[in-house]
Undergrad: 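Quick one: this structure, given as C-alpha cells, is what I'll be asking you about.
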Protein chains: 2
Amino acid sequence: MRNNTIGSLIWLRLMRFTNQSNQMSNEFLKRFDLTTAQFDVLMQIRIYQPLTQMELAEKVTVTQGGISRMLSRLEKEGYIVRKQDWKTKTINLSAKTEAILDQVMPEQLAFQSSFFDDVLNEEEQQILYTLMTRVHKHSQKKELPPK
Amino acid sequence: MRNNTIGSLIWLRLMRFTNQSNQMSNEFLKRFDLTTAQFDVLMQIRIYQPLTQMELAEKVTVTQGGISRMLSRLEKEGYIVRKQDWKTKTINLSAKTEAILDQVMPEQLAFQSSFFDDVLNEEEQQILYTLMTRVHKHSQKKELPPK
DNA sequence: TTTTGTAACTTGACTAGTCAAATGATAATG
DNA sequence: CATTATCATTTGACTAGTCAAGTTACAAAA
C-alpha cells in the first residue's frame with residue numbers, strides 16, 4: 001500500500017515546504033503590509049516595467065483572469081498605475097512603491113535565503129539550485145500524458 | 001539592483017515549479033473529477049483514518065477553518081463521512097472513495113514521479129530528496145525573526 | 001441543575017486563484 | 001461608414017485558503 005516512489009516523496013516535500021514557507025513569508029511581510037503574492041508581482045513589475053498584463057501573467061504563472069484581479073487590488077491600494085495603451089494596458093509602479101520595494105527587497109531576499117543558508121553550505125545550495133532548475137525547465141515543456 | 005542570493009534563486013524556482021506542477025496535476029486529475037488538493041487530503045485520510053479534523057489539518061498544513069471548508073465540500077460530494085464522536089468529529093472515507101483511490105493513486109504517483117524521472121537519475125533524485133528534507137525539517141522549527 | 005469553562009468545529013469577510021463567457025479597443029473590409 | 005474580426009482585459013461562479021469571532025458539545029464546579 002505504501003508504494004511511494006522517490007519522485008512522489010520529493011513532490012510531497014516540495015509541496016509542503018513551499019506551502020509552509022509561503023505562510024511564513026506572509027507573516028514576515030505583514031510588517032510591510034504586503035503579501036507574498038503581492039511582493040512577487042511588484043518585483044516582476046519593477047524589473048520589467050513598463051509591461052502588459054499578458055506579459056506579467058506569464059512571468060508569475062497565473063492566468064489572465066488571475067492577474068486582472070490581482071492588479072485591480074494593487075491599483076486600488078495605489079501600488080501601481082495602469083493606462084490603456086493601444087489594445088493593451090501598460091503597468092507601472094507608483095513612486096511610493098519604488099521606495100517601499102527598496103526597503104523591503106533586501107529584507108525579503110534575506111528572509112528567503114535563510115531557509116537554505118541555515119542548513120546547506122554554498123556547494124549544497126548550488127547543487128540544489130542546479131537540480132531544481134533542470135526539473136523546472138523540463139516541466140515547462142512537458143506534455144500531459146494522453147488517454 | 002540584481003543582488004539575488006543563491007537562496008533567493010532557489011526559493012523562486014521552488015515556488016514557480018510547485019505552482020506549475022500543481023496546475024498540471026489539476027489538469028491530470030480532471031479525468032477522475034478530483035483536484036490536487038482533494039487528492040492530497042483523501043490520501044491522508046486513507047492512511048490515517050479514522051482521525052479528527054485537527055489531526056488532518058496538521059498533516060496537510062492548513063488551518064482549522066481551511067480543513068473545515070474542504071471537508072464540507074468533500075462530504076457534500078459523498079467522498080467522506082464525518083460523525084460527531086465526543087467533542088471531536090471523526091473522519092472516514094466512504095466505500096466508493098476507497099475504490100476510486102485504488103485506481104487513481106498509482107496513476108497520480110507515477111505522474112508526480114515523472115517530473116523527476118524524466119531528467120534526474122536515481123542518485124540525483126536521492127540527493128534532491130535529502131537536501132529538501134533537511135530544508136523542510138529546518139523550516140518547521142524556524143522562528144520568525146523579531147522586530 | 002444552572003453557571004462556567006474549554007476544546008473542536010464553523011462561519012463571515014477577505015485574498016488568490018481557475019475557467020469560460022462577456023466586454024472593450026482597435027483594425028480591416030464590404 | 002457600418003460590420004466583422006481579433007486580441008486584451010474583465011467578470012461571474014467557483015475552489016482553496018487565511019484570520020478571528022462565533023457556535024457546539026461536553027465536563028466540572030457552585
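Residue numbers begin at 1 in each chain, while the letters A, B, ... track the order of the sequences.
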Undergrad: Side chain of R82(B), heavy atoms from C-beta onward: which of dT10(C), dC19(C), dT11(C) has the nearest atom to it?
TA: dT10(C)

Undergrad: Between R46(A) and D102(A), is the closest basic N to carboxylate O distance under 4.0 Å?
TA: yes

Undergrad: Verify whether the ring centers belonging to F115(A) and F17(A) lie closer than 6.0 Å.
TA: yes

Undergrad: Are L12(A) and M132(A) co-members of a hydrophobic cluster defined by side-chain heavy atoms under 4.5 Å apart?
TA: no

Undergrad: Quick one: sort the F28(B) and F111(B) rings into parallel, tilted or perpendicular, breaks at 30° and 60°.
TA: parallel

Undergrad: Do the side-chain N and O atoms of Q108(A) and S8(B) include a donor-acceptor pair separated by under 3.5 angstrom?
TA: no

Undergrad: How sharply is the helix from dT1(C)-dA30(D) to dG30(C)-dC1(D) bent, taking the axes over five pairs at either end and rounding to 10 degrees?
TA: 40°

Undergrad: Which is true for S68(B) with a 4.0 Å heavy-atom rule: it touches a base, it touches only sugar-phosphate, or it touches nothing?
TA: base

Undergrad: Would you give a per-nucleotide map of nucleotides 20-27 of chain C, 5' to 3', where B means the base has a protein non-hydrogen atom under 4.0 Å away, S means only the sugar-phosphate does, and - means neither?
TA: -----BSS

Undergrad: Can a side-chain donor-acceptor contact be found between T35(A) and N26(A) if the only test is distance below 3.5 angstrom?
TA: no

Undergrad: Does D117(B) have any salt bridge (Lys or Arg N to Asp or Glu O under 4.0 Å) partners at least two apart in sequence or in another chain, and if so, which?
TA: none

Undergrad: From CE of M54(B) over to C1' of dT6(C), roughly how many Å is that when rounded to an integer?
TA: 12 Å

Undergrad: Anything under 3.5 Å between a donor and an acceptor, one on a side chain of residues 70-79 of chain A, the other on a protein residue two or more places apart or in another chain? List them.
TA:
unit_1: S72(A); atom_1: OG; unit_2: S68(A); atom_2: O; d: 3.4
unit_1: S72(A); atom_1: OG; unit_2: R69(A); atom_2: O; d: 3.0
unit_1: E75(A); atom_1: OE1; unit_2: R82(A); atom_2: NE; d: 3.4
unit_1: E75(A); atom_1: OE1; unit_2: R82(A); atom_2: NH2; d: 3.1
unit_1: E75(A); atom_1: OE2; unit_2: R82(A); atom_2: N; d: 3.3
unit_1: Y79(A); atom_1: OH; unit_2: D33(A); atom_2: O; d: 3.3

Undergrad: What are the 5'-most and 3'-most nucleotides of DNA chain D lying under 4.0 Å from any heavy atom of chain A?
TA: dT6(D) to dT18(D)

Undergrad: For dA8(C), does OP1 or OP2 lie under 4.0 Å from any side-chain N or O of T88(B)?
TA: no

Undergrad: Between D85(B) and T88(B), is there a donor-acceptor pair closer than 3.5 Å when you use the side chain of the first and the backbone of the second?
TA: no

Undergrad: What pairs with T130(A) under side-chain contact (heavy atoms from CB on, under 4.5 Å), at least two apart in sequence or on another chain?
TA: none

Undergrad: Hey, are the side chains of I45(B) and N92(B) touching, using non-hydrogen atoms and a 4.5 Å cut-off?
TA: no

Undergrad: Just call it for Q53(B): base, sugar-phosphate, or nothing, with non-hydrogen atoms closer than 4.0 Å on any strand.
TA: sugar-phosphate

Undergrad: More 5' along DNA chain D: E77(B) or Q64(A), using each one's nearest nucleotide?
TA: Q64(A)

